[in-house]
2 protein chains.
Amino acid sequence: MEAKTTDEPEEIADLCEDLCEGLAEAQENLGCELMERIAGKWPLWVLYVLAQNDEPLRFSRVHERVEGISQKVLTQTLRQLERDGLISRTLYPQVPPRVDYALTPLGHELLVQIMPLGRWITDHMGAFEAARHDFDSGKAK
Amino acid sequence: MEAKTTDEPEEIADLCEDLCEGLAEAQENLGCELMERIAGKWPLWVLYVLAQNDEPLRFSRVHERVEGISQKVLTQTLRQLERDGLISRTLYPQVPPRVDYALTPLGHELLVQIMPLGRWITDHMGAFEAARHDFDSGKAK
DNA sequence: CAGGATCCGGTCCGATACTG
DNA sequence: CAGTATCGGACCGGATCCTG
């Protein structure tokens, strides 16, 4: 019949099933949107910063810790995360105003879910770098 | 879904450790780049399409299956994925030319790693929608 | 202190035309 | 068939100024 790749067809088919059940809908609908959102440069970073502290963080503190982000984008990011229920925003009607951001259980769980992926990526960083090097040197002829 | 409010500090600290070990480097360095890359709208989609077939796919086939993508962006995406060693590109010097794309073991494993995350997202889609609704209706006063 | 409003340069993306 | 090249528009993010 058809030539198969390096893996056994069963493995692929098995993966396919899971993917069709779990990822397919996410891909073509709203989950894809979420994947993109959290996978941007800043959102995960912000969640990570909030996770490092067991207490809520003020806007300024987050701004300090997520170095490189502009105030505008940080505000946008925080709004998005709040909208998706990943963080909570608490406004203290003081003067000067004070706003605390904290991870929600949902946001916490999301980090837990993403963690193994992050670990896997770091573990295979060498493979990625090698692949890139091969590709680049191959094209630079 | 677990309905725990503010988690115990120990849990957070525990998470922190893992995050610091696994995600921190990825965040601030190259892994972050990879996270963003694969999490874009198309890359994962392309990988997913390739995973559905146990045989390599031609450019046209991929283009058909990843509906909505332009030819230009598809080319870019495929190049990226190839550069990162997630897919393989095989050129047959025919006329008309023929190019086959297939998942590499690395790309295959990446999908396996991402799957549980995708599943978790779909499982909690309701929570996300609810959070968004709450947020939107709260602001629309 | 937190963040809204504005301007503006860089980037991304789609459509089109063209090549091996 | 599988791209590359180019152009114009949309969008994104940064810097600055201003408000409660």
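What's counted below: heavy atoms across the whole structure, side chains too, no hydrogens, waters or symmetry copies. Naming: A, B, ... by sequence-line order, numbering from 1 per chain.
Salt-bridge formation is detected for the pair A:Arg98/A:Asp100: a Lys NZ or Arg NE/NH1/NH2 atom is positioned less than 4.0 Å from an Asp or Glu carboxylate oxygen. Taking the charged nitrogens against the carboxylate oxygens, A:Arg61 and A:Glu64 do have a contact shorter than 4.0 Å, which makes a salt bridge.
Cation-pi geometry between A:Arg83 and B:Phe135 is not met: the NZ or CZ atom fails to fall both under 6.0 Å from the ring centre and inside 45° of the normal.
At the phosphate of C:dG3, neither OP1 nor OP2 sits under 4.0 Å from any side-chain N or O atom of A:Arg58. The phosphate of D:dG3 has OP1 or OP2 within less than 4.0 Å of a side-chain N or O from B:Tyr101.
Side-chain atoms of A:Leu78 and A:Phe59, non-hydrogen and from C-beta on, do get closer than 4.5 Å to each other. Two residues are said to be in side-chain contact when any heavy atoms from C-beta on lie closer than 4.5 Å; B:Ile114 and B:Leu110 meet this criterion.
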Polar atom pairs between nucleotides 10-17 of chain D and protein, under 3.5 Å, N or O only, would you list them?
unit_1	atom_1	unit_2	atom_2	d
D:dG14	OP2	A:Ser70	OG	3.0
D:dG14	O6	A:Lys72	NZ	2.2

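Other residues, nucleotides and ligands contribute over 12 non-hydrogen atoms within 6.0 Å of the CD atom of B:Gln94.
In this structure, CG of A:Leu81 is placed 13 Å from P of C:dG3, rounded to the nearest angstrom. Between A:Glu64 atom CD and C:dC1 atom P there is a gap of 10 Å when expressed in whole angstrom units. When rounded to the nearest whole Å, the span between NE2 of B:His63 and C1' of C:dG14 equals 11 Å.
Across all strands, B:Arg61 comes closer than 4.0 Å to no nucleic acid atom at all (heavy-atom distances).
A heavy atom closer than 4.0 Å to some atom of DNA chain D occurs in B:Pro96, B:Pro97, these being the qualifying members of residues 91-98 of chain B.
Among residue pairs with one or both ends in residues 68-78 of chain B, none qualify as side-chain hydrogen bond (donor to acceptor under 3.5 Å, both in side chains); sequence neighbours excluded.
Taking each heavy atom of A:Phe128 and B:Asp84 in turn, the nearest pair found is CD2-O, 3.2 Å.
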